[in-house]
Amino acid sequence: MGWQSTVRGLLYAAMAVFLVTIGIGILNGLDLVTFERDQLLTHVHTGTLGWITLALVATSAVLAGGIDRRLALALGVIVPVYALAFLVAPVFRSVLGAILLLAILWLVAWAWGRYRAERSMPALAIALGFTTFTYGAIIGLLIQVQLATGSVIFPAGADVLGAHASAMVFSYLILVATGLLEWRVLGAKRPSGAGYLQLGFLFVSGGLTSATLLFAPGALEPVGGLVMLLNLTAIVIFVVRVTLKAVRTDWLAGAGRHLAASAMFVPVAMAIFLYVISQFIANPALAEDPTPIAGVLVASDHAAFLGVITNLVFGVLLQLTADRRAIWSEADHIAFWGVNGGLVVFLVGLVLDAAILKQVGAGVMGLSLLVGLATFAMRLRGSSLGIAPEPFVAEPAQRAAG
């Protein structure tokens with residue numbers, strides 16, 4: 001079976017945990033249930049770790065042509081258990097986090113090994129992204145140890161949660177996503193100077209953000225300005241290199257529209273993130289109480305989680321399972337238009353603090369995600385999981401020629 005069975009297992013595990021994320025998200029977005037902190041942390045971690053990380057590892061394994069089965073098994077078991085521990089067994093989070101960190105260190109070693117063997121821009125993006133994921137996970141583990149033992153690990157005044165979240169929620173995801181999008185849009189294997197600048201600026205800005213929040217929160221204003229400049233420059237390069245090519249696809253059907261939407265959401269997610277940074281610079285008190293911009297913070301997360309990553313994964317899934325068709329012919333359209341339309345409405349509702357828009361967007365988006373997961377799960381079961389090496393932008397011409 002080769003890498004296909006390993007990738008299939010990782011994707012099934014990711015989808016199973018994502019159901020928890022979606023369930024909590026729908027109920028919370030519709031204001032039907034008021035969740036406690038641990039329940040909301042379950043929502044966040046089943047999404048960022050369970051769905052996003054496992055799906056990104058699976059997609060990276062497709063690019064690499066395989067992954068160590070033992071590493072895949074370790075992640076496929078430990079990640080869901082750790083994410084669900086926030087709901088059912090919070091007392092064990094420190095121990096489980098330490099075990100998970102070992103698997104993450106193994107993952108980042110694998111990613112750098114693949115880059116040394118391949119020397120491509122996508123492989124470098126993945127290696128840098130998983131490196132960011134690693135230091136974000138270390139911060140998260142230390143937070144759990146501090147809570148469990150009552151000890152003081154971080155310097156006084158450190159914005160620990162901000163440092164952890166900025167690494168895990170944004171910096172890592174955008175880095176890996178840009179690499180995988182470059183692979184599917186450009187099919188690029190040769191290094192480029194612009195590509196190195198793009199990845200280098202994203203990686204350095206992520207490290208600067210976390211380090212400043214941890215060790216020098218008082219220096220957020222000058223460092224934040226530099227971080228904004230680095231991120232803005234990197235995303236402009238990405239838009240010119242990838243997004244402008246990605247949008248030249250068939251928007252009525254196929255994998256291309258998911259990948260194009262993902263490439264379009266990269267600058268959207270970055271714009272919201274940079275706005276958040278500007279607000280923290282203008283008002284340092286937000287580090288203690290971010291309530292005034294709570295909606296924008298959630299919008300930043302979801303633009304990255306769903307707009308960038310979920311579109312990316314759905315696009316690759318469509319390519320992987322191209323030998324299978326959906327049982328319901330409209331399922332693909334619902335998975336694309338329902339998810340993205342609902343997401344846009346949800347984001348607008350969050351930014352404007354409009355409850356009705358948040359409720360409508362969350363409901364449409366959540367139900368459409370369930371349709372997408374159901375159809376992809378059925379496709380995965382019988383698919384050979386083959387993927388063409390050429391970039392997806394060839395789709396419209398191929399369809400017209402056919």
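Please read all numbers here as calculations on a predicted model, not as lab measurements.
- Judged by distance alone, with hydrogens and angles left aside, the side-chain atoms of Y172 form no donor-acceptor pair with the main-chain N or O of Y135 at under 3.5 Å.
- With rounding to the nearest 0.5 angstrom, the OH atom of Y82 is 7.0 Å from the CG atom of L141.
- Rounding to the nearest 0.5 Å places OG of S300 at 8.5 Å from CD1 of I277.
- To the nearest 0.5 Å, atom OG of residue S262 and atom CZ of residue F314 are 12.0 Å apart.
- Side-chain contact between L317 and H258 is absent, with no heavy atoms from C-beta onward closer than 4.5 Å.
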Chi angles and distances behind the side chain to side chain contact (heavy atoms under 4.5 Å, CB included) call for F346, V364: CA-CA 9 Å; F346 184 65; V364 171; over 6 Å; no
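- By the 4.5 Å heavy-atom criterion applied to side chains, I126 and W183 are not counted as neighbours.
- You'll find the side chain of W337 reaches within 4.5 Å of the side chain of R257, heavy atoms only.
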Passes side chain to side chain contact (heavy atoms under 4.5 Å, CB included), V20 versus L84? Steps please. CA-CA 9 Å; V20 178; L84 292 173; 4.1 Å; yes
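- For the pair H43 (side chain) and T21 (backbone), a donor-acceptor distance under 3.5 Å is present.
- With a 4.5 Å cut-off on side-chain heavy atoms, V108 and F133 do not count as touching.
- Proximity of a side-chain donor or acceptor of T321 to a complementary backbone N or O of L380 within less than 3.5 Å is not detected.
- Summarising the geometry of D289 relative to P292, their closest heavy-atom pair is O-CD, 3.4 Å, with the distance given to 0.1 Å.
- Taking OG1 of T310 as the reference point, atom CZ of F305 lies at 9.5 Å (rounded to 0.5 Å).
- Between D31 and Q359 the shortest heavy-atom distance is OD2-NE2, 3.0 Å.
- Put simply, the side chain of R379 never gets that close to the backbone of L318: no donor and acceptor are under 3.5 Å apart.
- Closest heavy-atom contact between A261 and F336: CB-CE1, 3.9 Å.
- Sparse packing is recorded around CE of M264, with 12 or fewer heavy atoms of other residues, nucleotides or ligands lying under 6.0 Å away.
- No donor-acceptor distance shorter than 3.5 angstrom exists from the side chain of T375 to the backbone of V371, with no hydrogens or angles considered.
- Taken from CD1 in I237 to OG1 in T243, the straight-line distance is 12.0 Å, to the nearest 0.5 Å.
- The backbone N or O of L202 lies less than 3.5 Å from a partner atom in the side chain of S205, making a donor-acceptor pair.
- What you find for G129 and L175 is that their closest heavy atoms are CA-CB, 3.8 Å.
- A side-chain donor-acceptor contact under 3.5 Å links R8 to the backbone of S383.
- Pairing each heavy atom of T53 with each of T48, the nearest pair is OG1-O, 2.9 Å.
- Residues A103 and L71 come closest through the heavy atom pair O-CD1, 3.8 Å.
- Under the 4.5 Å side-chain criterion, counting only non-hydrogen atoms from C-beta, L306 is in contact with L369.
- Put simply, the side chain of V308 does not reach to within 4.5 Å of the side chain of L173, judged on heavy atoms.
- A distance-only check finds no donor-acceptor pair linking the side chain of N231 to the backbone of L274 [under 3.5 Å].
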Start with the C-alpha distance between M270 and F238, add both sets of side-chain angles, then the distance that settles side chain to side chain contact (heavy atoms under 4.5 Å, CB included), and finish with yes or no. CA-CA 11 Å; M270 181 61 76; F238 175 80; over 6 Å; no
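- Judged by distance alone, the side chain of S278 and the main-chain N or O of Y275 form a donor-acceptor pair under 3.5 Å.
- Taking 4.5 Å as the limit, some side-chain heavy atom of Q319 sits within range of a side-chain heavy atom of L259.
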When you look at L96 and L100, which way does the side chain to side chain contact (heavy atoms under 4.5 Å, CB included) test go after all the steps? CA-CA 6 Å; L96 292 171; L100 176 58; over 6 Å; no
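- Residue T6 holds its OG1 atom at 11.0 Å from CG of L11, rounded to the nearest 0.5 Å.
- Residues F273 and I174 have side chains not in contact (no heavy-atom distance under 4.5 Å, counting atoms from C-beta outward).
- Between the side chain of T134 and the backbone N or O of L105, no donor-acceptor pair lies under 3.5 Å.
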